[in-house]
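Take a look at the structure below.
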Amino acid sequence: MMNFEIQILDWIQDVFRCPFLDTVMPLITALANGGVFWIALALALTIHKKTRPLGIAVILSMVLELVCCNLILKPLVARIRPFEINQTVELLVAKPLDYSFPSGHTGCSFAVASALFFCRSRGWAPACVLSILIAFSRLYLYVHFPTDVLAGLLLGLASGWAAVKILKSVKSLKSE
(Lines give C-alpha, C1' and ligand atoms only; values in the text may rest on other atoms or scores of the structure.)
Protein backbone atom coordinates (compact mmCIF):
# COMPACT_ATOMS: atom_id res chain seq x y z
CA MET A 1 0.00 0.00 0.00
CA MET A 2 2.80 2.42 0.91
CA ASN A 3 4.39 2.00 -2.55
CA PHE A 4 1.06 2.88 -4.18
CA GLU A 5 0.77 5.98 -2.01
CA ILE A 6 4.32 7.05 -2.91
CA GLN A 7 3.33 6.64 -6.58
CA ILE A 8 0.35 8.96 -6.01
CA LEU A 9 2.58 11.55 -4.33
CA ASP A 10 5.13 11.27 -7.16
CA TRP A 11 2.30 11.71 -9.68
CA ILE A 12 1.19 14.89 -7.88
CA GLN A 13 4.78 16.12 -8.08
CA ASP A 14 4.99 15.30 -11.80
CA VAL A 15 1.65 16.83 -12.73
CA PHE A 16 1.24 19.83 -10.43
CA ARG A 17 4.71 20.90 -9.31
CA CYS A 18 5.42 24.41 -10.59
CA PRO A 19 6.97 27.64 -9.25
CA PHE A 20 3.55 29.20 -8.54
CA LEU A 21 2.33 26.28 -6.41
CA ASP A 22 5.78 25.96 -4.84
CA THR A 23 5.12 29.44 -3.45
CA VAL A 24 1.41 29.10 -2.67
CA MET A 25 1.23 25.63 -1.09
CA PRO A 26 3.59 26.38 1.82
CA LEU A 27 1.48 29.49 2.55
CA ILE A 28 -1.75 27.51 2.48
CA THR A 29 -0.36 24.80 4.72
CA ALA A 30 0.99 27.45 7.13
CA LEU A 31 -2.58 28.61 7.79
CA ALA A 32 -3.13 25.35 9.66
CA ASN A 33 0.22 25.24 11.47
CA GLY A 34 -0.75 24.78 15.08
CA GLY A 35 -4.34 25.43 14.00
CA VAL A 36 -3.54 29.16 14.16
CA PHE A 37 -6.01 30.33 11.51
CA TRP A 38 -8.81 28.16 12.88
CA ILE A 39 -8.10 29.22 16.46
CA ALA A 40 -8.27 32.87 15.42
CA LEU A 41 -11.60 32.20 13.69
CA ALA A 42 -12.98 30.44 16.76
CA LEU A 43 -11.89 33.26 19.06
CA ALA A 44 -13.43 35.83 16.72
CA LEU A 45 -16.70 33.89 16.80
CA THR A 46 -16.71 33.76 20.60
CA ILE A 47 -16.39 37.55 20.92
CA HIS A 48 -19.95 38.27 19.80
CA LYS A 49 -22.80 36.85 21.86
CA LYS A 50 -24.76 35.91 18.72
CA THR A 51 -21.93 33.73 17.31
CA ARG A 52 -20.51 32.54 20.64
CA PRO A 53 -22.21 29.10 20.52
CA LEU A 54 -20.72 28.59 17.06
CA GLY A 55 -17.28 29.59 18.34
CA ILE A 56 -17.58 27.16 21.23
CA ALA A 57 -18.58 24.37 18.82
CA VAL A 58 -15.53 25.13 16.68
CA ILE A 59 -13.22 25.13 19.71
CA LEU A 60 -14.63 21.84 20.99
CA SER A 61 -14.29 20.26 17.54
CA MET A 62 -10.60 21.25 17.45
CA VAL A 63 -9.99 19.93 20.96
CA LEU A 64 -11.61 16.58 20.12
CA GLU A 65 -9.58 16.32 16.92
CA LEU A 66 -6.34 17.29 18.69
CA VAL A 67 -6.79 14.66 21.41
CA CYS A 68 -7.70 11.90 18.97
CA CYS A 69 -5.07 12.79 16.38
CA ASN A 70 -2.01 14.06 18.22
CA LEU A 71 -2.36 12.41 21.61
CA ILE A 72 -3.80 9.03 20.62
CA LEU A 73 -3.46 8.07 16.93
CA LYS A 74 -0.10 9.55 15.93
CA PRO A 75 1.84 7.89 18.77
CA LEU A 76 -0.16 4.67 18.47
CA VAL A 77 0.35 4.23 14.71
CA ALA A 78 3.82 5.87 14.62
CA ARG A 79 3.89 6.08 10.82
CA ILE A 80 6.93 7.63 9.19
CA ARG A 81 6.48 10.40 6.66
CA PRO A 82 6.76 9.96 2.89
CA PHE A 83 9.84 12.20 2.56
CA GLU A 84 11.64 9.74 4.84
CA ILE A 85 11.06 7.02 2.26
CA ASN A 86 11.68 9.09 -0.89
CA GLN A 87 14.58 11.22 0.22
CA THR A 88 15.10 12.67 -3.26
CA VAL A 89 12.07 14.96 -3.02
CA GLU A 90 12.81 18.63 -2.37
CA LEU A 91 10.85 19.75 0.69
CA LEU A 92 9.43 23.26 0.57
CA VAL A 93 8.62 23.35 4.31
CA ALA A 94 10.51 22.41 7.43
CA LYS A 95 10.47 18.69 8.13
CA PRO A 96 7.64 17.91 10.54
CA LEU A 97 8.99 16.18 13.64
CA ASP A 98 5.91 14.18 14.60
CA TYR A 99 4.42 11.10 12.99
CA SER A 100 2.47 11.12 9.75
CA PHE A 101 -0.84 9.34 10.49
CA PRO A 102 -3.32 11.01 10.52
CA SER A 103 -2.84 14.48 9.09
CA GLY A 104 -3.43 16.98 11.89
CA HIS A 105 -3.61 19.92 9.48
CA THR A 106 -6.37 18.17 7.55
CA GLY A 107 -8.13 16.91 10.66
CA CYS A 108 -8.27 20.30 12.36
CA SER A 109 -9.42 22.01 9.18
CA PHE A 110 -12.26 19.57 8.55
CA ALA A 111 -13.22 19.59 12.24
CA VAL A 112 -13.87 23.31 11.93
CA ALA A 113 -15.63 23.03 8.56
CA SER A 114 -17.88 20.23 9.80
CA ALA A 115 -18.68 22.01 13.08
CA LEU A 116 -19.74 25.01 11.00
CA PHE A 117 -21.80 22.73 8.74
CA PHE A 118 -23.57 20.90 11.58
CA CYS A 119 -24.30 24.26 13.23
CA ARG A 120 -25.87 25.35 9.93
CA SER A 121 -23.47 28.24 9.47
CA ARG A 122 -23.01 29.60 5.97
CA GLY A 123 -19.29 29.78 6.77
CA TRP A 124 -18.97 26.03 6.28
CA ALA A 125 -18.55 26.33 2.48
CA PRO A 126 -15.50 28.65 2.47
CA ALA A 127 -14.08 26.67 5.41
CA CYS A 128 -14.54 23.49 3.38
CA VAL A 129 -12.78 24.97 0.34
CA LEU A 130 -9.86 26.07 2.53
CA SER A 131 -9.80 22.64 4.19
CA ILE A 132 -9.56 20.94 0.80
CA LEU A 133 -6.70 23.24 -0.20
CA ILE A 134 -4.90 22.54 3.08
CA ALA A 135 -5.38 18.79 2.63
CA PHE A 136 -4.01 18.95 -0.92
CA SER A 137 -1.08 21.07 0.25
CA ARG A 138 -0.04 18.27 2.63
CA LEU A 139 0.18 15.90 -0.35
CA TYR A 140 1.82 18.46 -2.63
CA LEU A 141 4.44 19.20 0.01
CA TYR A 142 5.16 15.47 0.37
CA VAL A 143 4.67 15.48 4.14
CA HIS A 144 1.67 13.10 4.27
CA PHE A 145 0.53 9.96 2.55
CA PRO A 146 -2.93 10.05 0.91
CA THR A 147 -4.34 7.76 3.63
CA ASP A 148 -3.02 10.17 6.29
CA VAL A 149 -5.03 12.96 4.67
CA LEU A 150 -8.10 10.76 4.23
CA ALA A 151 -7.94 9.69 7.88
CA GLY A 152 -7.50 13.32 8.95
CA LEU A 153 -10.53 14.31 6.89
CA LEU A 154 -12.69 11.57 8.43
CA LEU A 155 -11.44 12.32 11.94
CA GLY A 156 -12.16 16.01 11.40
CA LEU A 157 -15.69 15.33 10.17
CA ALA A 158 -16.35 13.07 13.16
CA SER A 159 -14.89 15.63 15.58
CA GLY A 160 -17.08 18.44 14.22
CA TRP A 161 -20.17 16.25 14.35
CA ALA A 162 -19.39 15.04 17.88
CA ALA A 163 -18.71 18.57 19.13
CA VAL A 164 -22.10 19.79 17.92
CA LYS A 165 -23.88 16.70 19.33
CA ILE A 166 -22.18 17.17 22.72
CA LEU A 167 -23.07 20.85 22.89
CA LYS A 168 -26.69 20.22 21.86
CA SER A 169 -26.91 17.51 24.53
CA VAL A 170 -25.48 19.83 27.20
CA LYS A 171 -27.84 22.62 26.12
CA SER A 172 -30.87 20.33 26.31
CA LEU A 173 -29.77 19.15 29.76
CA LYS A 174 -29.55 22.75 30.95
CA SER A 175 -33.04 23.59 29.70
CA GLU A 176 -34.66 20.67 31.57
Side-chain angles (χ1 to χ4, degrees), residues 1-45 58-59 61-75 77-117 123-157 159-160:
M1 182 68 169
M2 202 175 291
N3 284 338
F4 180 66
E5 292 192 82
I6 290 289
Q7 290 174 346
I8 292 170
L9 294 175
D10 288 343
W11 177 81
I12 290 170
Q13 295 289 301
D14 291 342
V15 172
F16 294 102
R17 189 81 187 249
C18 66
F20 174 73
L21 291 179
D22 284 358
T23 302
V24 171
M25 286 296 150
L27 298 173
I28 289 171
T29 217
L31 291 172
N33 287 351
V36 68
F37 177 81
W38 303 118
I39 292 168
L41 173 66
L43 293 176
L45 289 169
V58 167
I59 290 168
S61 74
M62 289 188 293
V63 169
L64 292 172
E65 189 280 333
L66 174 74
V67 169
C68 293
C69 177
N70 291 51
L71 300 181
I72 298 172
L73 290 172
K74 280 186 186 265
V77 176
R79 187 179 199 187
I80 63 172
R81 291 186 179 264
F83 62 79
E84 295 174 287
I85 294 171
N86 180 359
Q87 297 179 356
T88 63
V89 73
E90 176 194 356
L91 286 184
L92 301 173
V93 294
K95 290 181 180 182
L97 302 176
D98 61 347
Y99 293 115
S100 190
F101 182 91
S103 169
H105 282 67
T106 304
C108 181
S109 300
F110 278 95
V112 172
S114 68
L116 294 172
F117 176 80
W124 78 269
C128 189
V129 169
L130 182 56
S131 297
I132 291 166
L133 290 171
I134 288 169
F136 180 74
S137 77
R138 304 309 284 167
L139 300 172
Y140 183 90
L141 296 170
Y142 222 92
V143 293
H144 280 292
F145 293 100
T147 50
D148 300 339
V149 170
L150 177 61
L153 183 152
L154 294 173
L155 179 60
L157 293 176
S159 297

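Here the structure is a predicted model, which means the values were calculated and not measured.
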Inter-residue atom distance Q87.CD - Y142.OH, 0.5 Å rounding: 11.0 Å

query: With sequence neighbours left out, which residue pairs that include part of residues 83-116 fulfil the ring-ring contact (aromatic ring centres under 6.0 Å, His included) condition?
result: none

Distance in Å, L92 CG paired with S137 OG, rounded so as to fall on 0.5 Å steps: 11.0 Å

- prompt: Taking all atoms of both residues into account, what is the closest heavy-atom pair of P102 and A151, and its distance?
  reply: CB-CB, 3.8 Å

Residue pairs passing the salt bridge (charged side-chain N to carboxylate O under 4.0 Å, His left out) test where at least one lies in residues 133-143, sequence neighbours excluded: none

- prompt: Under 4.5 Å between any side-chain heavy atoms of F37 and I134, yes or no?
  reply: no

field: Side-chain heavy atoms of L133 within contact of F136, under 4.5 Å
entry: no

query: Sequence neighbours excluded, which residues qualify as side-chain hydrogen bond (donor to acceptor under 3.5 Å, both in side chains) partners of T88?
result: N86

- request: Work out which heavy atom in G123 is nearest to a heavy atom in L116; give both atom names and the distance.
  value: O-CD1, 3.7 Å

query: With L154, which residues qualify under side-chain contact (heavy atoms from CB on, under 4.5 Å), at least two apart?
result: L150

- prompt: Can you list the residues that meet the side-chain contact (heavy atoms from CB on, under 4.5 Å) rule with Q7, with sequence neighbours excluded?
  reply: F4

Test side-chain hydrogen bond (donor to acceptor under 3.5 Å, both in side chains) applied to S61 - qualifying residues, sequence neighbours left out: none

query: According to the side-chain hydrogen bond (donor to acceptor under 3.5 Å, both in side chains) rule, which pairs have a member within residues 125-134, sequence neighbours left out?
result: none

message: I'd like to check the side-chain contact (heavy atoms from CB on, under 4.5 Å) partners of L66; sequence neighbours left out, ordered by chain and number.
response: N70

Gap between atom CD of Q13 and atom CD1 of I6 - 0.5 Å precision: 10.5 Å

- request: Provide the closest heavy-atom pair for C108 versus G35 in the form atom of the first, atom of the second, distance.
  value: SG-CA, 4.2 Å

- line: Closest non-hydrogen contact found for L153 with T106 is N-CG2, 3.6 Å

Criterion side chain to side chain contact (heavy atoms under 4.5 Å, CB included) on I85 and F145, from CA distance to verdict: CA-CA 11 Å; I85 294 171; F145 293 100; 3.6 Å; yes

task: With the side chain counted from C-beta on, respond yes when L141 and L91 share a heavy-atom pair under 4.5 Å apart, and no when they do not.
output: no

- prompt: Does any pair with a residue in residues 97-114 pass salt bridge (charged side-chain N to carboxylate O under 4.0 Å, His left out), and if so which ones, sequence neighbours excluded?
  reply: K74-D98, R81-D98

- prompt: What is the minimum heavy-atom distance between S103 and V149, and which atoms define it?
  reply: CB-CA, 4.0 Å

For residues 18-26, tabulate all N or O donor-acceptor pairs below 3.5 Å that involve a side-chain atom, not counting sequence neighbours.
| from | atom 1 | to | atom 2 | distance (Å) |
| --- | --- | --- | --- | --- |
| D22 | OD1 | R17 | NE | 2.6 |
| D22 | OD1 | Y140 | OH | 2.5 |
| D22 | OD2 | R17 | NE | 3.2 |
| T23 | OG1 | P19 | O | 3.1 |

From CG (N3) to CG (D10), nearest 0.5 Å: 10.5 Å

message: How long is the straight-line distance from CG of L130 back to CG of L41, given to the nearest 0.5 Å?
response: 10.0 Å

field: Which residues share a side-chain contact (heavy atoms from CB on, under 4.5 Å) with S159, sequence neighbours left out
entry: L64, E65, A111, L155

statement: In this structure, NE2 of H144 is separated from CD of E5 (nearest 0.5 Å) by 12.0 Å

